[in-house]
Amino acid sequence: MSKGTIHNRDKFLSHIADRLGRERKTDVSRPDWEYQPQWAVYQEKTSDELCALFNENSEEKGTLVLETTMDQLAETVEYVMKTYGGSPMVATDDGRFAEFGLTDVFDENDVHIWDAELGERNIEKAKQANIGFLFSDVSLAESGTIAQFNDRNIARSVSLLPTTYAAIIPRSTIVPRMTQVTARIHKQVEEGENISPYINFITGPSNSADIEMNMVVGVHGPVKAVHIVILDA
Amino acid sequence: MAMKIGEKPFFDRVDDALDDTFMRQSMANAQDGLRGKKIAATEGDEAIGDWEDWRSAGEEIRRHTLENLDYYLEQLSENFAKRGGHVFFAETAEEANAYIQQVAKKKNAKNATKAKSMVTEEIGLNEALADVGCQVHETDLAEYILQAEEGDRPSHIVVPSLHKNKSQIRDTLKEKAGYSGTDQPEELTAFARSQLRDVFMNADIGITGCNFGVAETGSVSLVTNEGNANMVTSYPETQISVMGMERLVPTWEDLDVMVNLLSRSAVGQKITTYVTNVTPEVGPQSVDGPKDFHLVIVDGGRSKALGTEFQSALHCIRCAACVNVCPVYRHIGGHAYGSIYQGPIGAVLSPILGGYEEYGELPYASSLCAACTEACPVKIPLHEQLIRHRQIYVEEGYADKSEQAAMTAFGIGASTPSLFKIATKGAPTFAKPFVQEGSISNGPGPMKLWTKIREFPAPGKENFRKWFKEHKKGDSRNE
Ligand code: SF4
């Protein structure tokens, strides 16, 4: 990685300080905000209730929700493959697929696993794919949203280019709302860790209401979305 | 200046708008739709608790950030550069464009894709890049439509093509892009999808705006629905994000609050389909990510508001909630404002960024009903700022004598801090000779023109909600 550059900063920031009628500030501590309504949302909900909310809110966005269990996961995934057009398909390069027993079903159905070493060819594969399989890292009950911390292996293209994205959602990843994710990232930063270059919150298929305010599903991202919720994981 | 739309004087534009029945009807429909959705997702959503607390939280974060803007911009730029990105601070639109042109030339870039961004409209980036042989492709559906029309400009900050109906869109795409389908939104959208797929893949540069910069990590957060921002930030080798210098938050925790306020206020969604957070990549690079990151931070006149009574206008998160409740916008639409920023926030912001000479009349595009202030998720006192603008406009001699009289009658000339109270109390009295059954008719100067807007409420006399209801009843009769 080459070091970045910063141009014209001092003059620019001094001008701001001038306008604000004071010297430049070099140390500011963020106050404890008086208003923090975000923390109270869904605090009283049980994990069952959060899961139900996640499903309900996913469906509201036109996402198909399939509840399953660990021992039926492979079968459920196969059902999704059959229902949404089958091959070609892609998946992120994520150790969890093996952990969750999906290696065989991926092999048998010729799912292309993202391989950073193959370079651009991966993108071609994702572009042609009917379905892209991925794991949700954190899942938001409030809105039926999946969050992914993308990198070169957990590639962003898998949720973006195929006609359908199919996210695997271990129930333990479900939290009330974005607040819990951003708090986690904030903590990571405070501990000096580098964050993912692409943190992506995705809520169902892409859509637009730009033409006479009519909602149209399927614009530049996927046209359909499937959430496979594993109840015992 | 690229912020400017059209050459006609303000009141002529208002006249034109009032003659455009389709545009007025679609503005009314859009306002009703967006406003209804917003209310359901804000005051109407019990799950999130008291919406007023969220607004206060938003205001608190924005105020603190702006008060310490130099500090947080330093942090943002430091963190962006630490991860290999390049930051350029641009005082003017020209400086920003010159830097971006230079990047494009160095890369020998011929094609750029762009996700919707008001600040790049403001600085006129498309034209600047065209000048160095790089074509910018708009990819947001609304912006794509406007670009196809050549020379059409945004009429709403969230839905820029609001003034166009589907048959107009079909005709434009037929004529300019070889479309041969119907005027069904699904079919039109599918056409845009197929046209842009390869454009996304082959672009040399991806250009984005920035809904929020996150200072603690040097991240750019994009709040979108169509997936185009994701395409733009994935396949081109170079990413250039352009941000208005005020568009940042200290931490990710604050981002959470702002994204919630924006999604709910702009489109009535709990969260938009995509909230995409891009930070220059460290370590081994992704195949499907940019290799070269640039962040251009633009002043463009914003600093003129710092340290003044207009500072809080910079708290704006461009949700357009104020636009969607404005009775004047409802009647005159977006283009009449002559600025890419319309509605109440446009009337506050445009004179700050572009000066009173050009935009000083815009603050009169308001009935001072205060619906905007009430709707604003970060509690900007928009109507007070409109009054203050009017006052300055008169004080500094931009208005001629007869206009001055009318403007005084319209509720300015008050000099105490509680401008609004005085203005709303005073206006009906001053305006009395012209008030007939709750509407002002045949007022002098600008007011005369304003009174062409049917059912224009007398300032401060009628509560907006009531007016809105009555007005709606009358729509079919009057349109
Ligand atoms: S002024 Fe307030 S309501 Fe208007 S666009 Fe800005 S944030 Fe939204």
Side-chain angles (χ1 to χ4, degrees), chain A residues 1-2 4-9 12-13 15-17 19-21 24-25 28 30-31 33-35 37-38 40-41 116 119-120 122-123 142-143 145 152 155-157 160 178-179 182-183 185-186 189 194-195 197-204 206-208 210-214 216 219-221, chain B residues 30 33 48-49 53-54 56-57 60 68-71 73-74 77 81 84-89 141-142 159 161 165-166 169 185-186 188-189 193 216-217 225-228 230-231 234 250-253 255-257 270-271 273-279 281-282 284 286-289 303 306-307:
Chain A
M1 179 194 70
S2 60
T5 53
I6 301 174
H7 307 270
N8 295 349
R9 183 167 67 181
F12 192 99
L13 298 186
H15 175 63
I16 289 178
R19 294 291 313 173
L20 288 167
R24 281 268 295 275
K25 282 196 184 174
V28 171
R30 194 172 63 113
W33 306 119
E34 188 183 338
Y35 293 92
Q38 66 271 37
V41 180
E120 304 259 326
N122 291 291
I123 299 174
E142 180 190 40
S143 47
T145 302
R152 69 194 304 257
R156 66 192 77 173
S157 296
L160 182 64
M178 193 194 258
T179 308
T182 51
I185 299 168
H186 178 60
V189 177
N194 271 329
I195 63 161
Y198 210 73
I199 299 176
N200 208 354
F201 294 86
I202 305 169
T203 310
S206 63
N207 58 72
S208 173
D210 280 354
I211 302 177
E212 290 191 13
M213 309 306 294
N214 287 298
V216 176
V219 192
H220 300 300
Chain B
I48 53 168
D53 287 349
W54 283 91
S56 301
E60 212 182 346
N68 299 288
L69 186 60
D70 50 338
Y71 174 77
L73 280 175
E74 176 157 20
S77 55
H86 304 283
V87 185
F88 186 86
F89 284 90
L141 187 56
V159 192
S161 63
N165 66 21
K166 56 187 184 188
I169 294 169
E186 290 78 10
L188 291 163
T189 305
R193 177 183 166 100
E216 70 173 337
T217 49
N225 278 312
E226 296 179 1
N228 60 319
N230 299 60
M231 300 294 273
S234 295
T251 73
W252 281 80
E253 291 189 333
L255 178 69
D256 168 40
V257 174
K270 290 170 184 164
I271 189 170
T273 307
Y274 296 99
V275 179
T276 308
N277 305 281
V278 194
T279 318
E281 184 155 18
V282 286
S286 296
V287 175
D288 53 353
S303 58
L306 291 175

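Residue numbers start from 1 in every chain, and the chains themselves are labelled A, B, ... in the order their sequence lines are given, proteins ahead of strands.
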Would you mind checking which part of A:V28 comes under 4.5 Å of any heavy atom in chain B, side chain (CB onward), backbone (N, CA, C, O), both or neither? both

Working to the nearest 0.5 angstrom, can you tell me the gap between B:T276 OG1 and A:L160 CG? 9.0 Å

Which atoms of A:S157 are under 4.5 Å from chain B, going by heavy atoms: the side chain, the backbone, both sets, or neither? both

Hey, is the main chain of A:P197 close enough, under 3.5 Å, to the side chain of B:E281 for a donor-acceptor pair? no

Answer key: most heavy-atom pairs under 4.5 Å with chain B among A:V216, A:I202, A:T5 is A:T5

How would you list, by chain and number, every residue that makes a salt bridge (charged side-chain N to carboxylate O under 4.0 Å, His left out) with B:R193, sequence neighbours excluded? none

Chain A contact via B:V278 - which portion, at a heavy-atom distance below 4.5 Å: both

Where does B:L141 contact chain A at under 4.5 Å (heavy atoms): side chain, backbone, both or neither? both

Interchain contact, A:V219 with chain B, by part (heavy-atom threshold 4.5 Å): both

Report yes if some heavy atom in the side chain of B:D288 is under 4.5 Å from a heavy atom in the side chain of A:N122; otherwise report no. no

Can you tell which part of A:A155 gets under 4.5 Å to a heavy atom of chain B, answering side chain, backbone, both or neither? both

Engaged part of A:I6 at the chain B interface, taking heavy atoms whose separation is under 4.5 Å: both

Would you say A:N207 and B:T273 are linked by a side-chain donor-acceptor pair, where the criterion is simply a distance under 3.5 Å? yes

